[in-house]
Number of protein chains: 2
Amino acid sequence: MKCRSYEDFFKNFANKTKFRIIMSLKDKPMSVNELARKIGEEQSKVSHNLAKLARCSILGVKQKGKQRIYSLNKETVIPMLRMVEKHVEKHCNTRCNK
Amino acid sequence: MKCRSYEDFFKNFANKTKFRIIMSLKDKPMSVNELARKIGEEQSKVSHNLAKLARCSILGVKQKGKQRIYSLNKETVIPMLRMVEKHVEKHCNTRCNK
DNA sequence: ACTTCATATGAACAATAATTCATGATATGT
DNA sequence: ACATATCATGAATTATTGTTCATATGAAGT
């Protein structure tokens, strides 16, 4: 199953685990276990989430020995995040927690 | 409850009803009933969804008599949609349904 | 061929979000 | 003050997503 709609695309940003994965990959590409360790979640969970992210081309993958290295599609994602950041700054008042 | 995180923000685009509302409001601001008729959903459903969209400042509201006119925050939303559109064009191969 | 390491996958279960339905609130006109 | 139109809200229900756990797959080395 491919990412077949805008909604599907956005779902990948609308979830904490996926979002943390995205954020982690801003620095550098990583293998599944690396990521799992970095965000403190178990392999299977990370793997499931990676699959969905990759299906929507938010991430890319390449094999490297036994490992799979996931990398962020920066072309799309970085500008997107920047926009939302700007939006939140502007509209989310000082205490954004509640 | 306010929109307190990026995830919350993105949730508003990750749902069919909300997405259709957003799309409908690209043309012009509308009242709740207008919207409900336009997308063929019942008032209560639309209203619940509008509430969330407005909390994240994806929509704005103003009262006009008994009606509430919801309008799209085009500044943020239009460029966002354009970006995703581009992404989908590029990465979603010819038959994007399946 | 066997073992190991890294990752993927399916199915059961849990958590979260969306919808529905009944009702409440508010503005407006009479 | 009452009736009506428009919209919001809460709670129960349903639907969708996410997680967990056990297991499968696949690459690499021996």
Side-chain angles (χ1 to χ4, degrees), chain A residues 1-25 28-71 97-98, chain B residues 1-25 28-71:
Chain A
M1 198 243 291
K2 260 253 170 186
C3 194
R4 65 199 194 300
S5 65
Y6 288 11
E7 288 104 280
D8 279 357
F9 177 86
F10 282 115
K11 274 175 192 149
N12 290 293
F13 294 87
N15 165 265
K16 197 170 289 185
T17 306
K18 294 192 188 69
F19 197 80
R20 287 170 70 203
I21 290 175
I22 289 170
M23 287 316 204
S24 298
L25 291 175
K28 62 175 204 305
M30 281 189 237
S31 75
V32 180
N33 277 334
E34 267 183 292
L35 265 167
R37 258 179 282 119
K38 169 138 189 179
I39 68 175
E41 302 282 0
E42 69 162 340
Q43 181 267 320
S44 166
K45 181 170 172 178
V46 172
S47 196
H48 275 296
N49 279 285
L50 286 171
K52 290 193 179 173
L53 286 159
R55 267 190 229 117
C56 284
S57 304
I58 289 165
L59 306 184
V61 213
K62 61 177 179 179
Q63 192 88 22
K64 185 187 176 186
K66 318 181 189 178
Q67 305 186 119
R68 271 157 189 264
I69 309 296
Y70 284 87
S71 60
N97 40 16
K98 190 40 215 310
Chain B
M1 200 242 289
K2 259 255 171 185
C3 193
R4 67 197 191 303
S5 66
Y6 288 12
E7 286 104 282
D8 279 358
F9 178 85
F10 282 115
K11 275 175 191 149
N12 290 293
F13 293 87
N15 164 266
K16 197 170 289 186
T17 307
K18 293 192 188 66
F19 197 79
R20 288 169 70 202
I21 289 174
I22 289 170
M23 286 316 205
S24 297
L25 290 174
K28 63 175 204 303
M30 281 190 238
S31 75
V32 179
N33 276 334
E34 265 183 296
L35 266 167
R37 256 179 284 121
K38 169 140 189 177
I39 69 176
E41 301 283 359
E42 68 163 340
Q43 180 267 317
S44 167
K45 180 170 172 178
V46 171
S47 196
H48 274 296
N49 279 284
L50 286 170
K52 291 194 178 173
L53 286 160
R55 267 189 229 117
C56 284
S57 303
I58 289 165
L59 307 183
V61 213
K62 61 177 179 177
Q63 191 87 20
K64 184 186 176 188
K66 315 181 191 179
Q67 304 186 120
R68 272 157 188 264
I69 309 296
Y70 284 86
S71 60

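The structure presented is a predicted model; accordingly, all values stated were derived computationally and were not measured. Each chain gets a letter, A, B and so on, in the order its sequence line appears, and its residues count up from 1.
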| task | Let me know the distance between CZ of B:Arg68 and C1' of C:dA27, rounded to the nearest Å. | result | 10 Å

| Between A:Arg20 and A:Glu41, is any pair of side-chain heavy atoms under 4.5 Å apart? | yes

| Is the shortest side-chain N/O distance from A:Lys66 to OP1 or OP2 of D:dT25 below 4.0 Å? | no

| C:dA18 phosphate, OP1 or OP2: any side-chain N/O from B:Asn49 under 4.0 angstrom? | no

| message | Less than 4.0 angstrom between a side-chain N/O of B:Thr17 and OP1 or OP2 of C:dT19, yes or no? | response | yes

| query | Looking at A:Lys45, does any N or O in its side chain come under 4.0 Å of the phosphate oxygens OP1/OP2 on D:dG18? | reply | no

| query | Any N or O donor-acceptor pair linking the side chain of B:Ser44 to the base of D:dT9 at under 3.5 Å? | reply | yes

| query | A:Ile21 has an atom CD1; how far is it from atom C1' of D:dT19, in whole Å? | reply | 13 Å

| Tell me: CZ of B:Arg37 to P of D:dT6, nearest whole Å? | 8 Å

| field | 5' priority, DNA chain D, between A:Gly65 and A:His48 [closest heavy atom] | value | A:His48

| request: Pick base, sugar-phosphate or nothing for A:Lys64, based on heavy-atom distances below 4.0 Å to the nucleic acid. | output: nothing

| field | Length of the CG-P vector between B:Asn15 and D:dG18, whole Å | value | 13 Å

| message | Counting only side-chain nitrogens and oxygens, does B:Tyr70 get under 4.0 Å of the OP1 or OP2 atom of D:dT6? | response | no

| said: If you go through the side-chain atoms of B:Gln43, does one of them form a donor-acceptor pair with the base of D:dA8 closer than 3.5 Å? | reply: yes

| Is it the case that B:Lys18 and B:Asn49 place a side-chain donor and acceptor less than 3.5 Å from each other? | yes

